[in-house]
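Here the structure is laid out as structure tokens; the discussion comes afterwards.
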Amino acid sequence: MPELPEVETTRRGLAPHLEGRRIESVVIRNRALRWPIRRGLAEILSGQCIGVLSRRAKYLLIHCERGTLIVHLGMSGSLRIVTGETPIQKHDHFDLQVEGGAVMRLTDPRRFGAVLWSTDEPAQHKLLANLGPEPLSDQFDGETLYRATRGRKAAIKIAIMDAGIVVGVGNIYANEALFHARISPRVAAGKLSRERCARLARAIKDTLSAAISAGGSSLRDFVRADGSQGHFQHQTWVYNRAGEPCRICGARIRGLRQGQRASCYCPTCQR
DNA sequence: CGCCAGGCCTGCACGC
DNA sequence: TGCGTGCAGGCCTGGC
């Protein structure tokens with residue numbers, strides 16, 4: 001599932017193929033994504049020149065001359081660069097072809113993703129306007145995490161997955177970061193000390209950065225239309241390992257559900 | 001066959 | 001009454 005590192009890796013993989021190119025054609029095969037792709041989008045995009053590709057939280061922003069294409073990969077989405085001859089597969093919903101022949105193809109079996117068009121400043125878009133700080137930016141650190149969690153009774157795992165506190169921390173990395181910070185996912189967010197907030201903010205940054213670095217090494221495969229390179233399937237410390245031994249102390253990793261999501265932690269290493 | 005996974009928006013219920 | 005907060009539902013398909 002695409003988390004922030006996957007979206008960032010995707011952005012970096014797409015950028016050299018799209019930035020500065022003119023859009024030649026757009027094909028929409030299935031507009032029924034999380035929100036329907038608006039009618040007429042193909043006509044709107046055709047002929048526009050693409051500027052830079054950026055990212056906000058897990059939203060990929062493709063800046064164009066007259067607006068911004070906002071793409072979210074949901075749970076099962078992926079974007080690849082292919083050619084016009086690459087066979088269409090079952091869940092290939094959206095193609096954007098630029099001059100020179102490169103095609104950005106959106107594949108999304110579960111259709112939780114989205115392709116939206118915004119003519120305003122994208123930061124003002126309804127979906128982006130109320131987002132918290134980027135985890136890898138200076139706007140997010142131990143102090144901001146400490147302040148944002150004061151008075152919050154919710155578990156810290158829930159809090160770091162709250163986009164109002166920090167964006168882009170999905171279930172896998174929330175579990176992994178808490179393990180690295182040696183903090184139990186069940187601790188009330190408002191009870192974390194400054195020191196523990198600093199450790200957690202640092203762990204979130206390190207975990208996401210490491211995943212992006214790992215993704216970078218598979219960029220070559222990404223561009224090669226193979227696409228299925230899942231660097232994020234790398235071995236985890238706790239995620240999806242309930243019942244298995246902790247890689248540090250050997251204790252059994254525990255599993256529980258928080259906010260209808262699976263949490264995993266080491267009862268010895270994490271307090 | 002039924003259930004589950006997951007991101008994340010939306011709407012509802014609650015307490016101050 | 002209004003706000004912040006917490007919680008559950010819904011969207012989907014593939015895989016077990």
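Only a predicted model underlies this, so the values are computations on that prediction, with no experimental measurement involved. Protein chains get the first letters and strands the later ones, always in sequence-line order, with residue 1 at the start of each.
Looking only at side-chain heavy atoms (C-beta outward), A:Ile37 and A:His93 stay at 4.5 Å or farther from each other. At least one side-chain heavy atom of A:Arg56 sits under 4.5 Å from a side-chain heavy atom of A:Leu131.
A:Tyr173 places its OH atom 14 Å from the P atom of B:dC8, with the value rounded to the nearest Å. The interatomic distance linking A:Tyr59 (OH) with B:dC8 (P) rounds to 6 Å, in whole Å. Rounded to a whole Å, the CZ atom of A:Arg31 is 15 Å from the P atom of C:dC12. Rounded to an integer number of Å, the gap from CG of A:Asn130 to P of C:dT5 is 13 Å. Rounded to an integer number of Å, the gap from CZ of A:Arg111 to P of C:dC12 is 6 Å. Across the protein-nucleic acid pair, A:Gln260 atom CD and B:dC9 atom P stand 15 Å apart, rounded to whole Å. Straight-line distance from the NE2 atom of A:His91 to the P atom of C:dG14: 4 Å, rounded to whole Å. Between the CZ atom of A:Arg257 and the C1' atom of B:dC3 there is a distance of 11 Å, given to the nearest Å.
Annotation: proximity of residues 161-170 of chain A to DNA chain C (heavy atom, distance under 4.0 Å) is found for no residue.
Remark: A:Tyr265 engages no residue in a ring-ring contact (aromatic ring centres under 6.0 Å, His included) (not counting sequence neighbours). Applying the salt bridge (Lys or Arg N to Asp or Glu O under 4.0 Å) test to A:Arg147 and every residue at least two apart in sequence or in another chain returns A:Glu143. When the side-chain contact (heavy atoms from CB on, under 4.5 Å) test is applied to A:Asp206, the partners found at least two apart in sequence or on another chain are A:Arg202. Residues passing the ring-ring contact (aromatic ring centres under 6.0 Å, His included) test with A:Tyr59 are A:His72, sequence neighbours excluded.
In this structure, A:Arg261 reaches the bases: a heavy-atom distance under 4.0 Å links it to at least one base atom across the strands shown.
Between B:dA5, C:dG14, C:dG6, one nucleotide has an atom nearer to the side chain of A:Lys90 than all others, and that is C:dG14.
Under the stacking criterion of a centre-to-centre distance below 5.5 angstrom and an interplanar angle below 30°, A:Phe112 sits stacked against the six-membered ring of C:dC11.
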Run the side chain to side chain donor-acceptor pair (under 3.5 Å) check on A:Gln270 and A:Ser184 step by step: do they pass? CA-CA 5 Å; A:Gln270 296 173 258; A:Ser184 163; over 6 Å; no
For each nucleotide in nucleotides 10-16 of chain B, reading 5' to 3', give B when a protein heavy atom comes within less than 4.0 Å of its base, S when such contact involves only the sugar-phosphate, and - otherwise. S------
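For A:Asn240 against A:Cys264, the heavy-atom pair with the smallest separation is N-SG, 3.4 Å.
For the residue pair A:Thr207 / A:Glu176, no side-chain donor-acceptor distance below 3.5 Å is found, with atom types taken as modelled.
Comparing A:Gly259 and A:Arg150 against DNA chain C, the residue whose closest nucleotide sits nearer the 5' end is A:Arg150.
Under 4.0 angstrom from either OP1 or OP2 of C:dG6 there lies no side-chain N or O belonging to A:Lys153. The side chain of A:Arg110 places no N or O atom within less than 4.0 Å of a non-bridging phosphate oxygen (OP1 or OP2) of B:dG7.
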